[in-house]
Structures are given as C-alpha cells and as structure tokens.
Amino acid sequence: MTDRGAGAVWALVVTTVLLAATVGVLTWSSAVVARQRAQSAADLAALAAARAQATGSTACVAAGRVARASDVRLAACAADGTTVTVVVEAEAWSGLLRRLDTPPARARARAGAVS
C-alpha cells in the first residue's frame, strides 16, 4: 500500500477549509459593517431631526433626508415635541448575506433638546 497522491488530497482539504473560513469571516465582517453603518446613520438622522424640530421644521423629513444620504432606509420616526426617535435599516453589502435572505441591520437613536 502506498500513499501516492495523499499530499494532493490534504492540500485540497486545507485549501477548502481556508476558503470556507475566509468566506465566513468576510460575511461576518459585512454584517458588522452594516450594523455600524446603521447606527451611525441613525445617530446622524436623530440629530438632524432634533435640530429641525428646534428650528420649527418637520423633524421626520430631515431624518429621511439624512437617512437617504447615508444610503439607509428610515424605518420609523417619532417626534414628540422635545425628542425625536428614529429607526433605520441598512442592507449588508455582501452578496452572500443578500442571497441568504438575512434581515437588514437595524439601529435606533434618540435626540432632543437639552433640559
């Protein structure tokens, strides 16, 4: 019995494992980036909405403009006269996450007048 060709099999196995690990890390990092983008956009949209509300403009319109400029979707906006709460959704950029039909990253932020 000989071990001829065993090195090629092991090389194939190691390459497959490394490739799968790389795809997993890239997919995970894409989800993390989407979550961070969503949180940053939510923070900016809430601040813009609070400023608009303080100057007499429509808060949720300002939040929507900032969300669109940040390439996220404004999922919810509520202004009660003193504070504004916004919820945004950001799609992951990774094609694999889109193919797996993962939900978008959601983030919530609140801003308002200092009392």
Side-chain angles (χ1 to χ4, degrees):
M1 183 179 281
T2 67
D3 288 337
R4 255 180 85 123
V9 172
W10 277 109
L12 182 62
V13 168
V14 169
T15 301
T16 303
V17 169
L18 288 175
L19 183 62
T22 301
V23 168
V25 167
L26 290 175
T27 301
W28 174 77
S29 62
S30 175
V32 169
V33 168
R35 173 70 176 110
Q36 291 173 343
R37 275 187 334 119
Q39 189 60 59
S40 295
D43 291 341
L44 288 172
L47 288 171
R51 183 174 189 276
Q53 182 173 267
T55 61
S57 300
T58 307
C60 291
V61 171
R65 277 197 304 269
V66 171
R68 278 190 302 280
S70 299
D71 198 26
V72 298
R73 186 178 76 81
L74 182 64
C77 179
D80 66 6
T82 58
T83 61
V84 179
T85 303
V86 297
V87 178
V88 299
E89 294 179 342
E91 292 292 333
W93 288 337
S94 169
L96 180 61
L97 287 178
R98 288 186 181 167
R99 279 188 219 106
L100 293 175
D101 198 27
T102 58
R106 291 178 63 99
R108 175 185 311 265
R110 186 176 67 178
V114 178
S115 50

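The residues of the chain are indexed from 1 along the displayed sequence.
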Could you pull out the closest heavy-atom pair between Ala105 and Ala38, with the gap in Å? O-CB, 3.8 Å
Hey, what else clusters with Val86 if you join Ile, Leu, Val, Met, Phe, Trp, Tyr whenever side-chain heavy atoms sit under 4.5 Å? Val72, Leu74, Val84, Val88
N/O donor-acceptor pairs under 3.5 Å from side chains in residues 40-49, not counting sequence neighbours:
from	atom 1	to	atom 2	distance (Å)
Ser40	OG	Gln36	O	3.1
Asp43	OD1	Gln39	NE2	3.0

Considering all heavy atoms, the nearest Arg35-Arg106 contact: NH1-O, 3.2 Å
List the atom of Ala90, the atom of Arg37, and the distance in Å for their closest heavy-atom pair. CB-NH2, 3.6 Å
If you look at every heavy atom in Thr83 and Arg110, which pair is closest and at what distance? CB-CG, 4.2 Å
Quick one: does Thr16's side chain have a donor or acceptor within less than 3.5 Å of a partner on Leu12's backbone? yes
Does Ser57 have any side chain to side chain donor-acceptor pair (under 3.5 Å) partners at least two apart in sequence or in another chain, and if so, which? none
